[in-house]
Q: 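There's a structure below that I have some questions on.
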Amino acid sequence: MKTPTKAALLSALVYPGIGQLICHAYRRATLFILSFSVTAYLYIEEVMRQYQPLINKVKSGEVALNSQALIAEMARNPIIVDLILMSTLTYMLLTCWVLAIVDAYRMGIKKDAGASF
């Protein structure tokens, strides 16, 4: 498999920044891995913060762990997420991922061009 394809697939399917690692672009790889990881952490943290009261009720036994009880509890106490924050984090994740794929492919082309000389 050619380097550009391998690099792009690794960044697309494994983790953003892995394609840059195989092209030996360590600073770029670190940038993509850290930016994606921090954004993913913030996304998961926000979701967990919103659902923690429901999780605590299930743990304490106030709410049964079945779909009907969970739906009833969520109807009584709706979970309201910050749509602007969640949309922003989602766009940041997708942008980082796409940029990592494109950059890995481009870095792979440069690596193959340099190896042919």
Q: Measure the spacing between CE of Met86 and CD of Gln50 and express it to the nearest 0.5 Å.
A: 8.0 Å

Q: State plainly whether one hydrophobic cluster holds both Leu83 and Tyr51, where clusters connect Ile, Leu, Val, Met, Phe, Trp and Tyr through side-chain heavy atoms under 4.5 angstrom apart.
A: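 Linked, Leu83 and Tyr51 end up in one cluster.
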
Q: Quick test of your reading of the model: are Lys2 and Asp112 salt-bridged, counting only N-O distances below 4.0 Å?
A: no

Q: Would Leu94 and Leu89 show up in the same hydrophobic cluster when neighbours are defined by side-chain heavy atoms closer than 4.5 Å?
A: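 No; tracing contacts between hydrophobic side chains, which count when under 4.5 Å, never links both residues.
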
Q: Of all residues at least two apart in sequence or in a different chain, which pass the side-chain contact (heavy atoms from CB on, under 4.5 Å) check with Arg27?
A: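 By the side-chain contact (heavy atoms from CB on, under 4.5 Å) rule, Arg27 matches no residue at all.
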
Q: Measuring from Ile55:CD1 to Met48:CE, what's the distance to the nearest 0.5 Å?
A: 4.0 Å

Q: With a 4.5 Å cut-off on side-chain heavy-atom distances among I, L, V, M, F, W and Y, is there a chain of contacts connecting Ile18 to Leu34?
A: no

Q: Give, for atom OG1 of Thr88 and atom CG of Leu42, the distance between the pair rounded to the nearest 0.5 Å.
A: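 If we round to the nearest 0.5 Å, Thr88:OG1 and Leu42:CG are 11.5 Å apart.
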
Q: Which residues, ordered by chain and number, are linked to Phe32 in its hydrophobic cluster, where ILVMFWY side chains connect at heavy-atom gaps below 4.5 Å, directly or through other members?
A: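 Grouped by the 4.5 Å side-chain rule, Leu99 form the rest of the cluster around Phe32.
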
Q: Measure the OG1-CE distance between Thr3 and Met107 for me, rounded to the nearest 0.5 Å.
A: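 Rounded to the nearest 0.5 Å, the OG1-CE separation comes to 11.5 Å.
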
Q: Among residues at least two apart in sequence or on other chains, which ones pass side-chain contact (heavy atoms from CB on, under 4.5 Å) with Ala69?
A: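 Here the qualifying residues are Val63, Ala64, Asn66.
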
Q: What is the minimum heavy-atom distance between Cys23 and Ala104, and which atoms define it?
A: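 Here Cys23 and Ala104 meet closest at SG-O, 4.2 Å.
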
Q: Is it the case that one hydrophobic cluster holds both Leu10 and Leu21, taking links as side-chain heavy atoms less than 4.5 Å apart, direct or via other members?
A: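 Leu10 and Leu21: one cluster.
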
Q: Holding to ring pair (Phe, Tyr, Trp, His ring centres under 6.0 Å), I want the full list of residues that pass it with Tyr15, two or more places apart in sequence or in another chain.
A: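 Tyr15 satisfies ring pair (Phe, Tyr, Trp, His ring centres under 6.0 Å) with Phe36 only.
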
Q: In Å, rounded to the nearest 0.5 Å, how long is the span from CD1 of Ile33 to CZ of Arg28?
A: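 If I round to the nearest 0.5 Å, the distance is 14.0 Å.
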
Q: Closest approach of Gln20 and Ala100, non-hydrogen atoms and distance?
A: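 So the two residues come closest at NE2-O, 3.0 Å.
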
Q: Side-chain heavy atoms under 4.5 angstrom apart, residues restricted to Ile, Leu, Val, Met, Phe, Trp, Tyr: same cluster for Val98 and Val38?
A: no

Q: Could you list all the ring-ring contact (aromatic ring centres under 6.0 Å, His included) pairs where at least one residue sits in residues 57-96, not counting sequence neighbours?
A: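 Of all non-adjacent pairs touching residues 57-96, none passes ring-ring contact (aromatic ring centres under 6.0 Å, His included).
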
Q: State which residues pass ring pair (Phe, Tyr, Trp, His ring centres under 6.0 Å) with Tyr26; sequence neighbours excluded, sorted by chain then number.
A: His24

Q: With rounding to the nearest 0.5 Å, note down the distance linking NZ in Lys6 to CD1 in Ile22.
A: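 Here the interatomic distance stands at 5.5 Å.
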
Q: Is there a side-chain contact between Trp97 and Ile101 (heavy atoms, below 4.5 Å)?
A: yes

Q: Check the pair Asn56, Val58 against side-chain contact (heavy atoms from CB on, under 4.5 Å), reporting the backbone distance first and the verdict last.
A: CA-CA 5 Å; Asn56 290 338; Val58 170; over 6 Å; no

Q: Show the nearest heavy-atom pair for residues Cys96 and Ser35, with the distance to one decimal.
A: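 Heavy atoms of Cys96 and Ser35 come nearest at SG-OG, 3.3 Å.
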
